[in-house]
Every structure is written in C-alpha cells, then in structure tokens.
Amino acid sequence: MLRNFFRPRSQLVEDPPADPDRRCYSSTPIISRDLPVEILGENGSTLLTGKLSSFNLACIAIERIPDTFTLPALPVGKEVTVRGYDKDLEPVHFTARVRESTVLRCQLEDLRLVPVDPNRSAVRLPLFDTKAELYAAGDLQMNSPIECQVKNISTTGACVTSEYCYEPNSTLRLRVELVKGGGPISLHCQIVRVAVLEDNTFEYGLIFAQMNQRKYHELVVDIKMAREAIQKKLNS
C-alpha cells in the first residue's frame, strides 16, 4: 500500500481541484522524474532534495537539481525515508539505506515500500527551499519578518525551516512567492509540528486557517504555476 496581499491574476483555474482521495497500490508505483525527491531523517526532517537519476526495486539514485552545486553527503548505512511523487502527484514513500553518498550523487538500497498517511487531505508540492517570511500574528503591518524556507506546500498547510525558535501552536502569517514574478501570497497559519534539525535550525509543520473562496483560488493557482515551473526546471 502503497498569500494578506491580493493581486490580479492573468491565469485562472476554472474549477479548483478537489482534494484527491488517497489510493492503494497493488504494485510498485513509478516515481515521477518531473518532481523533486526528498530524503528524510528519522524525525521526518529533510536531509536532502534532489532529482531522480535512476530507480528500480533494488536501488534508487538521486542527483543534483539543475543550478545547484552540491548535495549534502550522508553517512553510509544510514536508515532514511525516500519521499517521491507519482505522475498524479500522489506521494510515494520508501524506507531505504544509504549505499553511497557524495556531493554529486546519492545511492540508496534495501528499498521497502511503506503506506502513505491516508489522513492527509491535500497533496503537498515539494519546493526547492523557496525563500519566504514569517510574521507574528499581531504584526499587522508586517514590519518584522523572520526569514524562512518553504520545503513543501498544499492548500491546507506547509513545511518550513528557519533559524528562529517558535513555540508550538504559535499563530503566524506566512508570506511567500511560489513563482518568481507571480507576486506573494499571505496565509494565516499555526505551528502544529516542530523538529530540531541536525544543523540546529528548526523545521515547522504549519496548518493554514480556513480560507475564503478567493484566497483558496489564489493559492490553487500559485501551486499549479509552481508545479509547472518545477517540472520545466527539472527537464531543462
């Protein structure tokens, strides 16, 4: 088993897609080469993000994303989780062990397909550490930004990393431009998960406040455009 800044839109989605139902796989799924592949540590934090180089039942190889210089080198033998996506943007998870890891390429072996959480209501789009800002809920003029990077995002939440330490359940505002030149979107959110990463930075799981139809539509458009930009970059 496997944005509050409003802006005009030149591109519209006629019918925002409904959150898809999770499905079960009767055979090994095919990981898409059009989306990033993430390697996760024991606490669920992202160790590296790369591009699928090769994949079979015995081994998976991940290489650098275009325009990046190096990959983090992982210890040989380390147990990790591989998070990829199929052609329908459904997540595909494997546990694996590091066979070889350099600044250019990471090879994993002992792949074991694991079930995907069926309770997550929306598909998350993996991003290339997109720069963004977090603001305290009371900072209505947005005068005091805290820099962060968005790892992935969906219509219901996001995963971000930052050097700033927040308390669990803190209410914030995330301001991010998912596509260069597309304009920022501002989203009310709350921290529902905190993890300390190996470099002593923090990873936060965010849940978005319920949105009105206009805000939801803007976010759907941004995610769609971001996905198209990612696919173009990986295939360049």
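All values reported here derive from a predicted model rather than from experimental measurement.
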Item to check | side-chain hydrogen bond (donor to acceptor under 3.5 Å, both in side chains) evaluation trace for R83 with H93 | outcome: CA-CA 5 Å; R83 181 164 63 194; H93 292 182; 4.7 Å; no
Next on the checklist: If you apply the rule side chain to side chain contact (heavy atoms under 4.5 Å, CB included), what do you find for Y135 with R175, and how did you get there?
Outcome noted: CA-CA 8 Å; Y135 298 84; R175 184 173 182 263; 3.9 Å; yes
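Under the 3.5 Å distance criterion, the side-chain polar atoms of S170 are matched with a main-chain donor or acceptor of E167.
With V176 as the fixed residue, the side chain to side chain contact (heavy atoms under 4.5 Å, CB included) test singles out one of V150, D222, V160: V150.
For residues 57-70, no pair satisfies side chain to side chain donor-acceptor pair (under 3.5 Å), with sequence neighbours left out.
Each of L187 and V192 belongs to its own hydrophobic cluster when Ile, Leu, Val, Met, Phe, Trp and Tyr are linked at side-chain heavy-atom distances under 4.5 angstrom. By the criterion of side-chain heavy atoms lying less than 4.5 angstrom apart, applied directly or through intervening Ile, Leu, Val, Met, Phe, Trp or Tyr residues, L104 is not grouped with L74; the two fall into different hydrophobic clusters. No continuous path of ILVMFWY side-chain contacts below 4.5 Å connects L40 to L111, so the two sit in separate hydrophobic clusters.
Between C189 and R173 there is no side-chain heavy-atom pair separated by less than 4.5 Å. Considering only heavy atoms from C-beta on, C159 comes within 4.5 Å of E203 through its side chain. Looking at L71 and V103, their side chains never come closer than 4.5 Å, going by heavy atoms from C-beta outward.
In this view, Y166 and Y164, Y204 satisfy the ring-ring contact (aromatic ring centres under 6.0 Å, His included) rule, not counting sequence neighbours. The side chain to side chain contact (heavy atoms under 4.5 Å, CB included) search around R227 returns L35, L89, L125, Q231, not counting sequence neighbours.
Crowding of E79 atom CD: a count of heavy atoms from other residues, nucleotides or ligands under 6.0 Å exceeding 12.
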